[in-house]
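Heavy-atom basis, side chains included; hydrogens, waters and symmetry copies ignored. In each ligand, atom 1 is the first atom listed, and ligand 1 is the first ligand listed.
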Amino acid sequence: MTDAVAQLRQEVCTLHAELPRSGLVAWTSGNVSARVPGEDLMVIKASGVPYDELDAEAIVVCDLYGGLVEGDLLPSSDAATHGHIYREMHEVGGVAHTHSAYATAWAVHGEAIPCVMTAMADEFGGEIPVGPFALIGDEEIGRGVVGTLARHRSSAVLMRSHGVFTIGAGPRAAVKAAVMCEDVARTVHLARSLGEVQPLQRDHIDALYDRYQNVYGQR
Ligand SMILES: [Zn+2]
């Protein structure tokens, strides 16, 4: 195993701690993966390992079909989905998956989260779309994720009656998108409980998205 892969396993292990910390997962659900740069490989959480027992050994190396390449534990049952995303979306370097409560409630309801607040325009560039229902186990979920994200700017998709998949240039960006997705899912739900909500104008969304993606933060 190269130093780069060892480092990536440690990074992805550390990032997993953000999921329970942000209240996005219950028990062993949820997972994060990262593409191994320059290889047809990824690192992903092993199946069924509790978050407080997670170490770099529990982040296994797989091919992009979800097959185990290196590690002593079986990969997450979502490995084929993550691999499909990496195969189809070459710009993606990290993927996260959760069943976080508010976002998944929208997914269960089968409704896209409308872009009604500036933070959503910043991060997602529009609505967070709903993807099709698919059974776990083969590549059907991956096809649904890729097909839906290809038609939207959003880095998050609500898979119908299931949960959230997010993508990023790297695993940290994917985890951030999962945290932000749950945050806006909760806020828009609360706003709607007060009454009707008003989607932002398209040109305002474009301006916010452009500024946040290109200008915001430390140079
Ligand atoms: Zn799931």
Side-chain angles (χ1 to χ4, degrees), residues 12-13 15-35 42-54 58-60 62 64-68 71 73-89 92 94-113 124 128-149 152 154-168 171-186 189:
V12 167
C13 174
L15 279 169
H16 272 90
E18 294 292 339
L19 304 183
R21 188 181 296 144
S22 296
L24 304 187
V25 293
W27 201 240
T28 63
S29 77
N31 41 65
V32 181
S33 69
R35 185 196 293 277
M42 63 181 177
V43 300
I44 188 168
K45 180 172 173 280
S47 186
V49 180
Y51 281 89
D52 57 2
E53 292 173 19
L54 213 59
I59 307 300
V60 296
C62 288
L64 299 186
Y65 293 85
L68 183 67
L73 299 165
L74 290 175
S76 158
S77 49
D78 295 306
T81 301
H82 289 243
H84 185 92
I85 296 168
Y86 291 124
R87 292 206 320 275
E88 297 292 322
M89 305 181 89
V92 171
V95 175
H97 172 52
T98 80
H99 304 155
S100 64
Y102 283 90
T104 302
W106 287 85
V108 168
H109 191 56
E111 184 183 355
I113 306 174
F124 299 102
I128 298 178
V130 176
F133 176 76
L135 289 177
I136 193 167
D138 62 11
E139 307 231 341
E140 205 188 330
I141 297 179
R143 281 194 293 273
V145 170
V146 170
T148 307
L149 290 180
H152 294 83
S154 174
S155 54
V157 53
L158 311 169
M159 292 304 284
R160 194 162 187 136
S161 304
H162 181 174
V164 181
F165 281 87
T166 60
I167 55 171
R172 186 177 168 77
V175 169
K176 181 196 175 199
V179 173
M180 300 307 280
C181 178
E182 179 65 2
D183 188 53
V184 301
R186 185 181 57 221
H189 168 74

Electrostatic pair E18:R21 at N-O distance under 4.0 angstrom: yes
Only one of L64, I85, V95 forms a side chain to side chain contact (heavy atoms under 4.5 Å, CB included) with M42, so which one is it? L64
Passing option when L73 is tested against V49, L68, I59 for side chain to side chain contact (heavy atoms under 4.5 Å, CB included): V49
Parallel, tilted or perpendicular, as decided by the 30° and 60° cut-offs, for the rings of H162 and H97: perpendicular
Could you please tell me which protein N, O or S atoms lie under 2.8 Å from the Zn ion (ligand 1)? H97 NE2, H99 NE2, H162 NE2
Considering only heavy atoms from C-beta outward, does the side chain of T148 approach that of V130 to under 4.5 Å? no
Across all chains, not counting sequence neighbours, the side chain to side chain contact (heavy atoms under 4.5 Å, CB included) partners of S76 are N31, I44, D78
